[in-house]
Structure formats: structure tokens, C-alpha cells
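Note that this is a predicted model, so its numbers are computed, not measured. As the structure lists them, so they are numbered: ligands from 1, and atoms in each ligand from 1.
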Amino acid sequence: MGNEAKVILISHLGRIKTDEDLKNNSLRIVSQRLSELISKNVKFIEKTRGVELEKAVNELKNGEILLMENTRFEDLDGEKESKNDDNLAKYWANLGDIFINDAFGTCHRSHASNVGIASNLPSGIGFLVEKEINILSNSINNPKRPLTVILGGAKVKDKINVIKNLVKIADYILIGGAMAYTFLKSQDIEVGKSIVDEENIDFCKEILAKYKDKIILPIDSINAKEISNDANVEEKFITDINKDDIGLDIGYNTVKLFKQYLVQSKTIIWNGTLGYSELEKFSNGTKNICEILKNIDCTKIIGGGDTGAAVINFGYQEYMTHISTGGGASLELLEGKKLPGIEIIDDV
Ligand code: ADP
Ligand code: MG
């Protein structure tokens, strides 16, 4: 803005499937809030194409900012934004001279508003995308070691590619969350009614056999008969889980075990909460790991939407090196994939 450029801002909000969604997802409030935050008027045009939009763009003076309506409004008629419609991308590209992509959270998708425009204009990345790529890629490609990865979350299925990629790179992988029970079951341990990803038991068995010194599983578990804050909770050694138990968090001995690996690490990447942390009763494992990380001085990176939200909710944001702003995008980087929204950019 120091160069008095005319700036057109574009973004998406929510998913647009019905006329009702149009009413609930206008970016008008974003222009108002942004005006407050930067103490500068941000104009708003409630169109995503057409003469009114073109007029608003043509009338922009140097140094002025115009926010266009939600790009996903173009999804109502044939998902033109989400399916990267070529005409729409060319039309948007025609409105400006240079394209800067700073929407890290959508870089793993190929939309008209990112890949489409970048295919038609000279392009660059913004400061947020630069920071996300530098921190996440560096921590995988060139980590200070030991590199320890903490993996949790509900399903093995969602994280298979993360495990496959990181098991080769990391020094240790600490596994908690519901995911751990599939790994335990693959070792013929009774896990009761805990979430088990039956289709991936063999995968867990194979990867454990191959990397048995790297992959660290829980040694105790917080169990209940129902998923509720009123449930009666029992902490049990992993081999004592009953047929009617649901495993909902890692136990205290597991926290102590994980701590031994974490305190010696120089880089820690964490994806997936370690228990059903939405409920207070099953949030202690995740909170205890937050507390341990708080007191460790090393590179600490949080990827994943729910994990980031938990770390922020529990008040540990300031102790982390970086909390990624892109759930899906950060996971794909951890899987070792290239992100289409970034690959298409000229200067990276
Ligand atoms: P992220 O969004 O950070 O990638 P995930 O979505 O993979 O993380 O994992 C978070 C989800 O995993 C939360 O909704 C949490 O309730 C669930 N989860 C973690 N541990 C358990 C468990 N033991 N039983 C059931 N759900 C669990
Ligand atoms: Mg999630």
C-alpha cells in the first residue's frame, strides 16, 4: 500500500449451496471490520461479476481498497469458483494487474480465485503464506533434531499419508487420540468400545513392525462407559481395558512417557488432539501436553484445525512457535504433497 496501489480483495466464506446461504455469508461485515482494524475505509461491492463490479474497480483511486463479495457465491450456479471455471478465472484476472495469494487455508484446493487467477496473471505469495510454507516445510525438510511428531485425532484413515511421510522423517512419533486404539488393537490388545478404524488395522500392524523403535503408543488410557462430562471415569493400564470401556484420553503415565521424548526434542510437530478434548473430562491429556510444550524451548508447530483450536482455547497459543491457519493445507504439507495454490505462483 506504500506504493499507492489500487487493491481489490477477494475471499471466500462458508459453503454456498442455497439462496439462504447467500444471505448468511456476505463479506459486507468483513469490509466493516477490516476498515476498523486498518483505520482506512474498505469499500465493498456486493457483486462477484458484472458491470457494477467493473465500475467499482474502474472508479478505484490509487491507494484505495475494494472488497469484492464472497467468491463462493459463484458456486450457486455450477460451482464455478470451486471447480476453477476457466472463464470466471480469466474474468477475475482481467480486473487487476498482479495477483497475490495470501489464503494459506485454501492453497490445497484448485479454485478459480487462486489457481485460476494465478494461471492468468503475474503472481506472488503474501506474508502469511510465506510464513506457513517456511515454517512447515523447514520443519520437515530440514529439521533441527530430534524431530518428534505428536499424532492424535479420531481416525487413522485421515492421517495415513501423514504417518507414511513423517515416519520416514521423524525421530519419534508419539501416538494418542482415538487413533491410538487402532494401533493397540493391531497388537491384539482389548480396546473395548473405543473408536477403531477396522480397515486400517493391518496398516498399523505393518508400520509398527517396521518402525517399532520410532512409534510410541500409550501405556494407559482414560476410559468411560459413555461420552459425557457426567460419566464415571477410570484410568487404566492399556492391557486392563474392558469390553464395555470407551477409551477417551491418554492417561497420566502416557503423558509422563511422552514427556521423556518431548524434553529432548529440538523440533515438535503436533497434529490431532490426544483425547475427546471438546469435553472437559477428557481434555487433560491434551492440556498436559500443552503444559509440557509451554516449558520446552524448541520449535513447536501445531497443524490441524481442531488441534489449533484446542491449543488456543486452553490458553497456550503464545507458547507455540506457530499454529497453522490451514487445517487441510497444513495436513497436506505434512503428507509431503505440493499445494496447487502455491505451485502455480511465479515467485516460489
Ligand atoms: P485436526 O483437526 O487438528 O487435524 P482431528 O480432527 O484429526 O484433528 O482430531 C480431533 C478430533 O479427534 C476431535 O474431534 C476429538 O474429539 C477426536 N478424538 C481425539 N481422541 C479421541 C478419542 N479417544 N475418542 C474419540 N474421539 C477422539
Ligand atoms: Mg479435525
So if I count the atoms of ligand 1 from 1 in the order they appear, which ones are less than 4.0 Å from some heavy atom of [X]?
{"X": "D306", "answer": "1 (P), 2 (O), 3 (O), 5 (P), 6 (O), 8 (O), 10 (C)"}
{"X": "T273", "answer": "10 (C), 11 (C), 12 (O), 13 (C), 15 (C), 19 (C)"}
{"X": "G247", "answer": "22 (C), 23 (N), 24 (N)"}
{"X": "T307", "answer": "1 (P), 3 (O), 8 (O)"}
{"X": "G272", "answer": "3 (O), 8 (O)"}

Purely on distance, is any nitrogen or oxygen of [X] under 3.5 Å from one on ligand 1?
{"X": "A178", "result": "yes"}
{"X": "S277", "result": "no"}
{"X": "K159", "result": "yes"}
{"X": "I195", "result": "no"}
{"X": "A154", "result": "yes"}

inquiry  = Tell me whether E74 contacts the main-chain N or O of L88 through its side chain, where contact means a donor paired with an acceptor under 3.5 Å.
reply    =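 No, because the side chain of E74 does not come within donor-acceptor range (under 3.5 Å) of the backbone of L88.
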task = Report yes or no: does N70 contribute a side-chain atom to a donor-acceptor pair with the main-chain N or O of N25 at less than 3.5 Å?
result =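 Checked: pair present.
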message = Are there over 12 heavy-atom neighbours, none belonging to I98, within less than 6.0 Å of that residue's CD1?
response =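 No.
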key: More than 12 heavy atoms from other groups under 6.0 Å of CG on D97   =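 Open.
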ask   = Does ligand 1 have a heavy atom under 4.0 Å from the side chain of N271, from its backbone, from both, or from neither?
value =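 Side chain only.
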inquiry  = Counting only heavy atoms closer than 4.0 Å, does ligand 1 sit against the backbone of E278, its side chain, both, or neither?
reply    =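 The answer is the side chain of E278.
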message = Would G305 count as a contact residue for ligand 1, given that I'm defining contact as a non-hydrogen atom of the residue lying under 4.0 Å from a ligand atom?
response =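 Yes, G305 has a heavy atom closer than 4.0 Å to ligand 1.
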inquiry  = Looking at ligand 1, would L248 count as a contact under a 4.0 Å heavy-atom criterion?
reply    =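 It does; at least one heavy atom falls under 4.0 Å.
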Identify the protein heavy atom lying closest to [atom], giving its residue, its atom name and the separation to 0.1 Å.
{"atom": "atom 18 (N) of ligand 1", "value": "G275 O, 3.7 Å"}
{"atom": "atom 9 (O) of ligand 1", "value": "G153 CA, 3.0 Å"}
{"atom": "atom 26 (N) of ligand 1", "value": "Y276 CD1, 3.6 Å"}

Cut-off under 2.8 Å, centre the Mg ion (ligand 2), protein N/O/S atoms =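 N, O, S partners closer than 2.8 Å: D306 OD2.
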Taking side chain as C-beta onward, heavy atoms only, is [X] less than 4.5 Å from [Y]?
{"X": "I8", "Y": "L60", "value": "yes"}
{"X": "H12", "Y": "R109", "value": "no"}
{"X": "L151", "Y": "F183", "value": "no"}

task = Take D245 and K225 through the salt bridge (charged side-chain N to carboxylate O under 4.0 Å, His left out) test and state the conclusion after the steps.
result = CA-CA 5 Å; D245 282 331; K225 307 281 186 250; 2.6 Å; yes
request  = Walk me through it: do N253 and D220 pass the test side-chain hydrogen bond (donor to acceptor under 3.5 Å, both in side chains)?
outcome  = CA-CA 6 Å; N253 290 294; D220 59 356; 3.0 Å; yes
ask   = Under 3.5 Å, is there a donor-acceptor pair linking the side chains of E132 and S330?
value =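 There is no such pair (donor and acceptor under 3.5 Å, judged by atom type) between the side chains of E132 and S330.
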